[in-house]
Number of protein chains: 2
Amino acid sequence: MRLSTRGHYGLKAMYDLARHYGAGPIPLKNVAERQNISGHYLEQLIAVLRKGGLVKSVRGSQGGYVLARPPEEIRVGEIIRVLEGPIAPVECVSEIKSPGCDQADHCITRTVWEKVRDSIAMVMDSISLADMCREEERNRQNRE
Amino acid sequence: MRLSTRGHYGLKAMYDLARHYGAGPIPLKNVAERQNISGHYLEQLIAVLRKGGLVKSVRGSQGGYVLARPPEEIRVGEIIRVLEGPIAPVECVSEIKSPGCDQADHCITRTVWEKVRDSIAMVMDSISLADMCREEERNRQNRE
DNA sequence: TAAAAATCCGACCATTTTACTATGAAAAAA
DNA sequence: TTTTTTCATAGTAAAATGGTCGGATTTTTA
């Protein structure tokens, strides 16, 4: 029941972009350093996020990446789906078309996985990047 | 965000044993056939379940496997934990001792994964094998 | 115009995990 | 003593994971 580093690092990167939202394009190198992720590897992940419409890129010197929408409008669930595919504890309950196993109708374990899937989606879709920034802000104030 | 077949098949097998609970030891071959799982592979999984204290074995002819406790007292979460390890969308929020990453304290993505983890655990721990049998029974009656 | 700072792209690679298969020993009942 | 079962260990092909490497392209800026 593990996420790969794609989703893990990807959310970190998106959160980093959210924290700097409004400050123009952020070079990936900076994100990688702050979040302690291999730069080259992160390039691959951000390419997926770009193709998925979650970030926009600005090429050339002074370029970098910007969230495609304000942090308020990007939820964790979207990021994870773009990087890891549809949420599905087992294939036969994938959010996207499951080829469907033969016994789909009378398979009780299936209903268990549907419940798990829905609860994961519920949590991830209820948290936006802005929520994360606000929580960080609260934590920071509590530490003072 | 996928379970491996270990958890998937393991739950199927445990559910099969639950359905036949009270009828003496069930040979694994029967379970494998009914659930459409490779027998040899299932042997490996059931060995883990036995070491995890979830099933008891009876060797020799007329032998097989029996749930270690009544279906009412075995929850999906236990089965999954035995077969797949502690529930943890990412390592640093594992139910069992996380070695802890350096930035653990001020990592906001961490709190996201904690919420995901808890919601998965909540669902899995709220469903017992007996619940699954009852649901199957209801479905069967509705089909008639 | 040239250099620097970025994104972009595709190939490669070592390791681990996955999902098995195969073989055979040991135990218990018939 | 034959059959039926669990038990244990080893092997294995394919896929996924988590990267690295090298360089082309685009844009700004000196």
Side-chain angles (χ1 to χ4, degrees), chain A residues 1-13 16-17 20 23-33 35-52 54-68 80 83-85 88-92 101, chain B residues 1-13 17 20 23-33 35-68 80 83-85 88-92 101:
Chain A
M1 230 22 207
R2 284 278 167 88
L3 222 57
S4 74
T5 55
R6 283 191 266 285
H8 189 181
Y9 293 175
L11 179 59
K12 280 187 160 200
D16 195 281
L17 293 180
H20 297 86
I26 312 294
L28 203 58
K29 202 183 147 209
N30 298 7
V31 176
E33 272 167 15
Q35 302 298 325
N36 201 31
I37 301 172
S38 148
H40 271 300
Y41 186 43
L42 188 53
E43 273 187 30
Q44 292 177 34
L45 306 186
I46 202 96
V48 178
L49 291 167
R50 183 171 52 82
K51 284 164 196 161
L54 291 180
V55 300
K56 283 185 290 196
S57 65
V58 179
R59 297 185 73 164
S61 184
Q62 300 301 106
Y65 291 91
V66 188
L67 295 184
I80 298 305
L83 288 167
E84 308 244 352
V90 303
E91 200 201 349
C92 60
C101 78
Chain B
M1 232 21 209
R2 283 279 166 86
L3 221 60
S4 74
T5 55
R6 282 191 267 285
H8 189 181
Y9 293 175
L11 179 60
K12 280 187 159 198
L17 292 180
H20 297 86
I26 311 294
L28 203 57
K29 202 181 147 210
N30 298 6
V31 176
E33 273 167 16
Q35 302 297 325
N36 201 32
I37 302 171
S38 146
H40 271 301
Y41 186 41
L42 189 53
E43 272 186 31
Q44 291 176 33
L45 306 185
I46 203 97
V48 177
L49 291 167
R50 182 171 52 83
K51 284 166 195 160
L54 291 180
V55 299
K56 283 185 290 195
S57 64
V58 180
R59 298 184 73 162
S61 185
Q62 300 302 104
Y65 291 91
V66 187
L67 296 183
I80 297 304
L83 287 167
E84 309 244 351
V90 303
E91 200 200 351
C92 59
C101 78

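FYI, side chains are in, hydrogens and waters are out, and symmetry mates aren't considered; it's all heavy atoms of this structure. Quick note on labels: first sequence line is chain A, next is B, and so on, each numbered from 1.
Remark: C1' of C/dA19 and CG of B/L83 are 14 Å apart, rounded to the nearest angstrom. Atoms CG (A/L42) and C1' (C/dC8) sit 14 Å apart, rounded to a whole Å. Between B/Q35 atom CD and C/dC20 atom P there is a gap of 15 Å when expressed in whole angstrom units. Following rounding to the nearest Å, B/I26 (CD1) and D/dT6 (P) show an atom-to-atom distance of 11 Å. Rounded to whole angstrom, the span from the CG atom of A/L49 across to the P atom of C/dC8 amounts to 12 Å. Taking atom CG on A/L45 and atom P on C/dG10, their separation rounds to 16 Å, with Å as the unit.
Nearest heavy atom pair, residue B/I26 against residue B/H20, reads CD1-CB, 3.5 Å. Closest approach of A/L3 to A/H8, counting heavy atoms only: CD2-N, 4.1 Å. When all heavy atoms are compared, the tightest approach of B/L45 to B/L83 is O-CD2, 3.8 Å. In plain terms, the two heavy atoms of B/G7 and B/E84 that are nearest each other are N-OE2, 2.8 Å. Here the closest non-hydrogen pair linking A/G39 and A/A32 is CA-CB, 3.9 Å. Closest non-hydrogen pair, B/V66 versus B/P25, comes out as CG2-CA, 3.6 Å.
Looking at heavy-atom distances under 4.0 Å, B/I46 makes no contact with the nucleic acid at all.
Looking at heavy atoms from C-beta onward, B/Q44 lies out of side-chain contact with B/R6 at the 4.5 angstrom threshold.
In this structure, A/R2 does not reach the C/dT18 phosphate: none of its side-chain N or O atoms is under 4.0 Å from OP1 or OP2.
Separation of atoms NZ (A/K12) and CD1 (A/I37) is listed at 6.0 Å; rounding is to 0.5 Å.
Within residues 53-64 of chain B, the residues having any heavy atom under 4.0 Å from DNA chain C are, by residue number, B/R59, B/G60, B/S61, B/Q62.
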Practice item. Scan nucleotides 15-22 of chain D nucleotide by nucleotide, 5' to 3', and note B when protein non-hydrogen atoms come under 4.0 Å of the base, S if they reach only the sugar-phosphate, - if neither. Key: --SBBBBB
Exercise for review: Starting from the C-alpha separation in whole Å, work towards a yes-or-no answer on side chain to side chain contact (heavy atoms under 4.5 Å, CB included) for B/V31 and B/Y65.
Suggested key: CA-CA 10 Å; B/V31 176; B/Y65 291 91; over 6 Å; no
